[in-house]
Amino acid sequence: MPGMVIATPLPPETPHRRRHPRLRTQLPGRIETVAEVLSINLLDISASGARFEVVTFSHRPPPLTAKQTVLLRWADFEKIGQLVWNARRTAGLCFTSRVSPEELLATRLMHDEFVRNGGHEREARESARTWVTGHG
């Protein structure tokens, strides 16, 4: 019939869309594996996963492999997850249990304070000062 619009349902999930919105951060953290502890920058986090960048001074890539179980620690929080991808020093993981809305809100507040206080630049200056003065 002319003028009639037929609505087609959207697919349940398209590959480029995430189920949970991501909170972008710049927070420092750690990834703990069975073999070692890696310093990271938490780039974003959602209820079901996170993306991070490994901070390292070596030229070798970090020893991370897909499907590896790791512990992510940031601020006062920690979650166990499984690595789902990695590319050079950046990786993504899927948590075995969800990050609560309260944890996400607290992470957002910590991120805002971290940035307000100078973020990674301040950390680098303090680290250099500690190294030069021999205190730490």
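Source: prediction; values computed, not measured.
- Judged by distance alone, the side chain of Asn86 and the main-chain N or O of Leu64 form a donor-acceptor pair under 3.5 Å.
- How far CD of Glu36 is from CZ of Arg30: 13.0 Å, rounded to the nearest 0.5 Å.
- Note on Val70 and Leu43: separate hydrophobic clusters, where clusters join Ile, Leu, Val, Met, Phe, Trp and Tyr whose side-chain heavy atoms are under 4.5 Å apart, directly or indirectly.
- Ser97 approaches Lys79 most closely through the heavy-atom pair OG-NZ, 3.6 Å.
- For the pair Glu32 (side chain) and Val37 (backbone), a donor-acceptor distance under 3.5 Å is absent.
- Minimum interatomic distance between Ala106 and Phe77 (heavy atoms only, all atoms of both residues): CB-CZ, 3.7 Å.
- Counting all heavy atoms, side chain and backbone alike, Met110 lies closest to Ala75 at SD-CB, 3.0 Å.
- For the residue pair Gly81 and Leu93, the shortest heavy atom distance occurs at CA-CD1, 3.5 Å.
- In plain terms, the two heavy atoms of Asn41 and Pro28 that are nearest each other are OD1-CA, 4.4 Å.
- Formation of a donor-acceptor pair under 3.5 Å by the Ser39 side chain with backbone atoms of Val55 is not found in this model.
- What you find for Leu104 and Ala47 is that their closest heavy atoms are CD1-N, 4.0 Å.
- Here Leu42 contributes atom CG and Ile31 contributes atom CD1; the two are 8.5 Å apart, rounded to the nearest 0.5 Å.
- With a 4.5 Å cut-off on side-chain heavy atoms, Phe95 and Leu72 count as touching.
- Separating the CZ atom in Arg73 from the CD atom in Glu78 is a distance of 4.0 Å, to the nearest 0.5 Å.
- For the atom pair OG1 (Thr90) and CZ (Arg51), the distance works out to 7.0 Å, reported to the nearest 0.5 Å.
- Side-chain atoms of Thr65 never come within 3.5 Å of backbone atoms of Gln68 as a donor-acceptor pair (strictly under, hydrogens ignored).
- Rounding to the nearest 0.5 Å places OG of Ser46 at 8.0 Å from CZ of Arg98.
- For the atom pair His111 NE2 and Trp74 CH2, the distance stands at 15.0 Å (nearest 0.5 Å).
- The salt bridge (charged side-chain N to carboxylate O under 4.0 Å, His left out) check on Asp112 picks up Arg108, with sequence neighbours excluded.
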